[in-house]
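Structure first, then comments.
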Protein chains: 2
Amino acid sequence: MASQRGEGETTTTPAEAADKERARAIPEAAVARLAVYLRVLSGMSESGVTAVSSEELSQAAGVNAAKLRKDLSYIGSYGTRGVGYDVEVLVSHIERILGLTRNHSVAVVGIGNLGHALANYGGFPGRGFPVTALFDVDADLVGIPVGGIPVNHIDEITAICREREVSIGVIATPPPAAQSVCDRLVSAGVQCILNFAPVVLQVPDNVEVRKVDLAVEMQILSFHVARRADEAASVSVGNNGLGVDGMVIRP
Amino acid sequence: MASQRGEGETTTTPAEAADKERARAIPEAAVARLAVYLRVLSGMSESGVTAVSSEELSQAAGVNAAKLRKDLSYIGSYGTRGVGYDVEVLVSHIERILGLTRNHSVAVVGIGNLGHALANYGGFPGRGFPVTALFDVDADLVGIPVGGIPVNHIDEITAICREREVSIGVIATPPPAAQSVCDRLVSAGVQCILNFAPVVLQVPDNVEVRKVDLAVEMQILSFHVARRADEAASVSVGNNGLGVDGMVIRP
DNA sequence: TACCGCTTGTGAACGCATGCACAAAGTCGG
DNA sequence: CCGACTTTGTGCATGCGTTCACAAGCGGTA
Ligand SMILES: NC(=O)c1ccc[n+]([C@@H]2O[C@H](COP(=O)([O-])OP(=O)(O)OC[C@H]3O[C@@H](n4cnc5c(N)ncnc54)[C@H](O)[C@@H]3O)[C@@H](O)[C@H]2O)c1
Ligand SMILES: NC(=O)c1ccc[n+]([C@@H]2O[C@H](COP(=O)([O-])OP(=O)(O)OC[C@H]3O[C@@H](n4cnc5c(N)ncnc54)[C@H](O)[C@@H]3O)[C@@H](O)[C@H]2O)c1
């Protein structure tokens with residue numbers, strides 16, 4: 001899985017080496033936000049904006065300006081005091097930190113409702129995540145192209161993932177199949193998995209899993225609805241001020 | 001615990017009132033995990049399991065046992081020392097905390113690739129999130145039923161959301177339309193929004209937004225790939241220690 | 001060149017979340 | 001009824017992430 005970018009004798013520039021050392025120290029939460037900043041900056045760049053202040057960028061990204069500056073400081077000092085940041089410079093530095101200077105081949109497993117949507121989605125290839133393989137267990141689906149890629153049978157997963165150097169596996173199968181699919185991806189050398197099935201996957205330490213769980217998202221929203229409803233109720237009815245165990249909740 | 005003899009003649013039981021007071025104090029991160037516990041517990045319940053220890057449950061949920069116990073302690077003390085937790089009891093308490101004792105009507109806006117998948121998905125209604133309305137701007141889609149629900153035109157959004165008491169709005173439109181759709185949902189009284197469009201939505205304080213951003217998820221995975229690759233590289237090569245950060249950008 | 005106003009970068013304080021470790025509280029066998 | 005054993009619930013320490021506040025640095029201006 002070495003670098004596939006062959007320019008120059010050395011594989012990394014000094015700036016890259018510096019970035020990479022820094023990468024270790026970037027908080028997980030900041031990484032997620034950097035991805036958002038990158039999208040906002042890309043949009044600005046396309047609109048012809050060349051410079052931006054932390055205040056403007058933080059507004060557009062929906063975060064605190066101080067937090068944004070701290071996040072950017074994790075990747076280095078590329079701003080100009082009194083002026084702001086050069087959009088292009090920031091874009092290229094964030095891209096490098098996020099490892100977007102190389103493409104990450106994506107495989108989608110489970111070409112049902114969700115798998116179809118993902119395979120058809122045009123937003124990934126343009127951002128460095130080409131979908132290069134689709135898998136399903138259903139014989140009727142095998143061979144049919146979805147979003148331009150033919151569906152392969154799940155049994156071919158190891159060979160094809162190796163061959164196409166898949167680095168991200170997306171699981172969109174029913175929950176009972178998810179763990180087995182995950183195991184197959186892992187044994188095919190895939191080290192990153194994005195899981196849509198509402199199942200907790202067991203993986204070795206060297207594999208990174210992120211889950212997208214819509215039911216959980218909705219339940220969190222539900223929790224906030226309930227909390228809000230309570231607040232309204234206790235305000236209108238009158239709060240006796242006593243929680244359980246005599247804890248005083250509100251003044 | 002759970003004392004408080006009832007002067008709760010209203011719609012809430014004493015236990016509910018106690019829960020609701022606690023809800024205020026539950027950390028956001030714990031709420032997300034409670035939703036996961038709930039799913040695991042529901043599965044156990046269906047499999048006929050009636051009791052579970054924090055150790056077992058934490059394994060199944062993929063978290064630390066101490067963290068699980070702390071999370072559960074936020075909602076009250078419903079375990080039995082030396083034994084564990086009663087599955088049904090835990091399920092009902094978590095459901096109540098998450099506000100799942102009432103149904104939350106869901107509207108999906110943007111019936112394209114993703115919207116179709118969401119509308120067809122059978123996993124929501126069974127969990128208390130019935131999809132009761134679909135909207136799109138495309139006249140060709142209006143009137144066609146998807147997943148059993150006919151698509152309505154976006155212009156009807158206010159009336160229909162009010163009428164069907166929609167509490168969660170799901171945005172699956174292209175990015176440029178997302179803010180405008182969001183504004184319409186808000187003015188229709190929807191206070192919870194789940195956003196799939198890669199856009200930062202601006203909403204009033206009383207509206208809760210959660211976003212699902214697949215590109216961001218992939219970029220986080222990409223970051224970890226890069227980090228891992230660097231570690232491997234720096235172990236084999238060693239660090240040159242030069243911290244000089246020239247503004248070297250690859251042409 | 002010297003000054004002024006603006007914006008970055010970051011040290012330091014704070015608050016939230018995690019994980020440990022153990023007393024309290026229960027069960028069960030005898 | 002007792003004592004050994006099991007598991008919960010939680011105080012506490014630790015670490016991570018966020019926020020504040022301000023000195024340092026830069027461009028513009030006279
Ligand atoms: N559709 C949604 O909107 C939605 C929302 C939330 C979560 N999910 C989750 O995403 C997953 C997929 O949902 P869906 O609606 O697309 O389901 P689906 O039933 O439409 O599609 C599942 C696909 O997986 C294939 N499959 C089954 N076993 C397989 C295996 N062992 N290997 C490879 N492929 C296999 C099936 O043939 C089918 O094509 C489910 O776990 C679901 O819970 C979906
Ligand atoms: N499909 C995916 O897998 C995927 C993945 C990640 C993110 N997304 C995001 O989800 C969103 C939807 O993706 P998609 O692939 O379903 O797109 P799509 O183009 O297939 O569907 C968008 C739908 O929204 C409708 N629409 C457009 N403007 C509207 C408006 N003002 N009001 C109501 N409806 C409107 C269109 O008629 C269309 O039916 C996009 O923002 C996309 O970036 C999709």
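Sequence lines set the chain letters: A, B, ... in the order given, protein chains first and strands last, and positions in each chain run from 1.
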Contacts of B:Ser58 that satisfy side chain to side chain donor-acceptor pair (under 3.5 Å) - sequence neighbours left out:
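So B:Ser58 forms no side chain to side chain donor-acceptor pair (under 3.5 Å) with any residue.
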Can you name the residues that form a side chain to side chain donor-acceptor pair (under 3.5 Å) with A:Asp86, not counting sequence neighbours?
none
Contacts of [X] that satisfy salt bridge (Lys or Arg N to Asp or Glu O under 4.0 Å) - sequence neighbours left out:
X: B:Glu88; value: none
X: A:Arg184; value: A:Asp155
X: A:Glu46; value: none

Side chains of B:Gln219 and A:Arg127: closer than 4.5 Å at any heavy-atom pair?
yes
Report yes if some heavy atom in the side chain of A:Val108 is under 4.5 Å from a heavy atom in the side chain of A:Tyr121; otherwise report no.
no
Starting at atom [atom1] of [X], determine the distance to atom [atom2] of [N], rounded to an integer number of angstrom.
X: B:Asp86; N: C:dG26; atom1: CG; atom2: P; answer: 16 Å
X: B:Tyr85; N: D:dT7; atom1: OH; atom2: C1'; answer: 8 Å
X: B:Leu90; N: D:dG9; atom1: CG; atom2: C1'; answer: 14 Å
X: A:Glu55; N: C:dT8; atom1: CD; atom2: P; answer: 9 Å
X: B:Ile75; N: D:dT8; atom1: CD1; atom2: P; answer: 14 Å
X: A:Glu56; N: C:dC6; atom1: CD; atom2: P; answer: 14 Å
X: A:Leu68; N: D:dG17; atom1: CG; atom2: P; answer: 17 Å
X: B:Gln59; N: D:dT7; atom1: CD; atom2: P; answer: 13 Å

How large an angle, rounded to 10°, do the end axes of the helix from C:dT1-D:dA30 to C:dG30-D:dC1 enclose when each is built from five base pairs?
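Nearest ten degrees gives 0° for this helix.
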Could you run through nucleotides 15-24 of chain C and give me one letter per nucleotide, 5' to 3': B if any protein heavy atom sits under 4.0 Å from the base, S if only the sugar-phosphate is that close, - if neither?
--SBBBB--B
Partner set under ring pair (Phe, Tyr, Trp, His ring centres under 6.0 Å) for A:Phe129, not counting sequence neighbours:
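A:Phe129 satisfies ring pair (Phe, Tyr, Trp, His ring centres under 6.0 Å) with A:His104 once adjacent residues are dropped.
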Closest-nucleotide mapping onto DNA chain D: is A:Val83 or B:Ser54 further toward the 5' terminus? I mean the 5' end.
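The 5'-side residue here is B:Ser54.
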Going by the salt bridge (charged side-chain N to carboxylate O under 4.0 Å, His left out) test, which pairs reach into residues 50-74 of chain B, not counting sequence neighbours?
B:Arg33-B:Asp71
